[in-house]
Amino acid sequence: MGLLSDPNRRKALTGLLTRLNTPICIVCYLAGIVWFMGLAFEPFTLRTYMSENAMGSTMVEERFSSGERALSLAKEFDPPSACCGLNGMPVEWLVKAMQSRGLEVFTQSFSRKLPFPDENKERYMVRGTNVYGILRAPRAPRTEALVITAPCSPGNTNNQAVALLLALAQYFRNQIYWAKDIIFLVNEHDLIGTQAWLEGYHHTNITGMEYSPLQGRAGSIQAALSLELSSDVITSLDLVLEGLNGQLPNLDLANLFYAFCQKLGVLCTIQGKLQRNDWDTAEGYTHAAQTMMLMVLKQACGRSWGDHGLFLRYHIEAASVRGINSFRHYKTDATTIGRLLEGMVRKLNNLLERLHQSYFFYLLPSLSRFVSIGYYMPAFGLLAVILLLRALDLWVHLGAPALAAVDGVTEPSSPGVLTVLTPVVISHLTGVALYLLPVHLQEMAVEHFPVSETEAVVLTAIAIYTAGLALPHNTQRLLSGEGTEQGWKVLKLTALLYLAVLLGCTALINFSLGFILAVTLVPITASITPHMPKALYAVVMVLLSPAFTILYCVFIYQELIEAPVSVSEGWMLFLSVISQGILDHALYGSLVYPLLALFIYPCWLMFWNILFWN
Amino acid sequence: MAAPLTLLLIVAVTIRAVLFRSSWAELISERVEVVSPLNAWKRVVEGLALLDLGVSPYSGDVFHETPFMIYLFHFVVDYAEIVFMIADGITAVALYLSIQTYNKNVFRKQKYALESDRYPADCLELLRSPKEMFYIPLKVAMFYLLNPFTILSCVAKSTCGLNNAIIALFILCTLKGSALLSGILLALATYQSIYPLTLFAPALLFFLQRLYIPVNLRRSSFWFFTLQYAFIYVGSLVVITGLSFFLLGSWDFIPSVYGFIFSVPDLTPNIGLFWYFFAEMFEHFRLFFICVFQINVFFYTIPLSIKLKEHPVFLIFMQIAIISIFKSYPTVGDVALYMAFLPAWSHLYRFLRNIFLVSCVLLACSALFPVLWHLWIYAGSANSNFYYAITLLFNFGQILLVSDYFYAYLRREHHLTHGLYLKKKDGTEATLVLK
């Protein structure tokens, strides 16, 4: 506490911080970036290990052998007219197939009208049915359950997975060691079906979905696995962890998957990237960095990257396992995948309590290495501290004239509350407009312009975003030339603290999003003053605004998944990302769009206002 | 000055009415930062239902309001929203009038001292001018009514708002010099939540100062007045408690209200320091640490009363702040009450040292509370340690704020007697250090 009460030391410290403010900020920024890039370097990461005792030490033996049967089932299920064709999922067939395997079978129908048509998946009025069968646990009271789900959506033939699910059900039915109910869920319309089923299971309705109540249920769900096998030749399995709003399942689930892949000799990837062993070469490091960057980008966009993502919201640890055909020599047959799932489910069956031992906040540069929250948070902290340092600097400068007044210097009248409040309120109103208008105005836009509904929504959003840039001019007029030197400093101080709190909260919930926003927003917001060359800095500010950040992320993502796009394709992708973001918010309650529209964008506008302070 | 105050009241009521009608009201009334087991509206409704069924509301472990409260709401439960808005209005007006009176007194005293040439020559800039003092009462009312904490508390229908109103009325009566009303209201405030008991000392000091009775243990006039005021206080406390007994016909409320406050059986997380500590503790240390924690609230009265015996109104502020930091079930409504006083000490601004740090901490904590709650309870990825860390930080900020104001107040008084530009013995500029 000496630092807080001894005025001399305080004076020395604040003096140091204000004198060296700019160099310290630059060093912090560079250190933050370097720290972040260093996270992918293998010696700085930790090896993954199984923390959960119930899953680590127990042995299970996989005996599943009906892979061939699964293949033939898949053929039976196969005719495109039968599955996922024009008349949707073959509900009757599935019900019969599950019943014949001795499950309690129930169906749930649901319907949902999207706020505007989804052009990627070509759907607007969605109507579908979920089929699920419950295998009751013979060994324990039926208070807990596990879920295995296979999405069966039009256009994406997942019949391999459905067939494997049925084969597993048949095999599991004959085993006696189950202590948890196992629910086999085949859901239609991928995420929308999952959402309807989960809401039905938990008696909630948070997204305005219409669904019929579930007729049968099991205990509280402990874990869920989602299975997607798009082709009948599988060469490797990919693990998908990123869920809604950047939530991740417990790391033990990933460890479990990795352990079984090792045991059964299955090639496993994360972000579609195989692990490399040459961490000490440049290529090895680049590879790990790319894998981690992909994870960061996927997590930052806040959408659910598989059916598992929606389970996470209900406190259910879940991951998607995706079969990939990468045209390699080595093939994995259905029996092995079945064994892998059997092993995972058996270990999950051994759980005594929910998965909670291992990490919930992590980044994965590869499947066998992880970066925990304690290692990656400093990278963000170094960026956030810049905002606080600048705020401190401004505070000291604002306080200085007041002290000078002691010596008889006339103090300029301190800025009224209005000078600061007006830009803040106006920026936020623009944010509210950006949040509300695109969806509500689509009909009007479609009437007056030759665009489709989806385009109308996206283009309205971009139009409002751009229109917001004209605000400073109007705000200044409203204030009738009150733009004093003190005024902008107070506004900037407010905006800096606001941004720091905002980014801090974002980074806690979704580190990747917070970090990406910090990387682009911090340098410009820390350095902005009205005394800079306006045109140049206006361009720089726009290039570092949230919308452009999304655009860059689209390009970087495409680059990283080795599918580079041209500028025009990138632009189209950018538009579809925006529409997906708005849809994700309306359908599943993803928070990225409201965060950007209601908080980050207004905050950025406040800095834009400072640049044009007259 | 009535017009701006009316306008302020209208704005405040509008904000509250809009929020009451919005879908946010339900969400807010569930927040642990805003309601505690002591003052949650849900529990009041439960108590009323039990009362209507002819069961003692204190049977069961849900209801912890005082009997007066439940009888008040027995009659006005349909107008609860209006009652809470009126309570906020009363608090604001009472604080407004109190600070107005206080400022008049301060100014008068300053004038006398100036005329009798008691201030050192270089201290003139420390003196307060009527111009800057003019808007302070309005600012105080504004700080209370438009403080997000108060608004949240009111929208959640936390009965903390009513307790605040009683305390504000007590302050008003004290500053207006009515010992009888002051004693009765203090008894009522004590009856509501025990802790305002510590406000007895500042009120007594204020009356003694007002009647020019020196604080001297050998003077009979001092004892006479002290006993008189204590008699009013204790008498009304007895009467109120007796009345409660006759209302309900049993003493159930004593363990259920005061026992609940003192022994802290409900460890629902809140913004205070108790819950985590007692959730972690071994059972056989519990009694000892409860004593330590509870004595903490009352103990500061003695040194502060000695140090601030010339400044009872500032002492009231300090006491309210200490109560809201260290009480067993604090909510943001308690914080809002003492924060309303901050404009009254705006002349101390130049002596504050950590105000930037404190405001950053309080701001960040207010935002982080819901975020970490979400991560802990809904996402399941964080745990109680994260939330408690923020609680600690929040209380650290509050303590720093209060001690900063304390230091600033003492320093200003020191300068007013010893001159603004202190010199060390060797002639260099001296600095004051609080140790």
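Values below: every heavy atom of this structure, side chains too, minus hydrogens, waters and symmetry copies. Chain identifiers are assigned alphabetically (A, B, ...) following the order of the sequence lines, protein sequences preceding nucleic acid strands; residue numbering begins at 1 within each chain.
Here B:Ser381 contributes atom OG and A:His356 contributes atom NE2; the two are 14.0 Å apart, rounded to the nearest 0.5 Å. The CG atom of A:Leu497 sits 5.5 Å away from the CZ atom of B:Phe356 when rounded to the nearest 0.5 Å. Taken from CG in A:Leu508 to NE2 in B:His374, the straight-line distance is 11.0 Å, to the nearest 0.5 Å. Atom CD of residue A:Gln247 and atom CG of residue B:Leu375 lie 8.5 Å apart, to the nearest 0.5 angstrom. Remark: B:Leu357 CG to A:Trp395 CH2 distance equals 11.0 Å, nearest 0.5 Å.
Your options are A:Asn250, A:Leu502, A:Leu312, A:Val501, and the one with the most heavy-atom pairs under 4.5 Å with chain B is A:Val501.
Shown here is A:Tyr375, whose OH atom has no more than 12 heavy atoms of other residues, nucleotides or ligands within 6.0 Å. Taking a 6.0 Å sphere around CD of B:Glu132, one finds it holds more than 12 heavy atoms contributed by other residues, nucleotides or ligands.
Contact annotation for A:Ala391: both backbone and side-chain heavy atoms come within less than 4.5 Å of a heavy atom of chain B. Heavy atoms closer than 4.5 Å to chain B are found in the side chain of A:Leu493, but not in its backbone.
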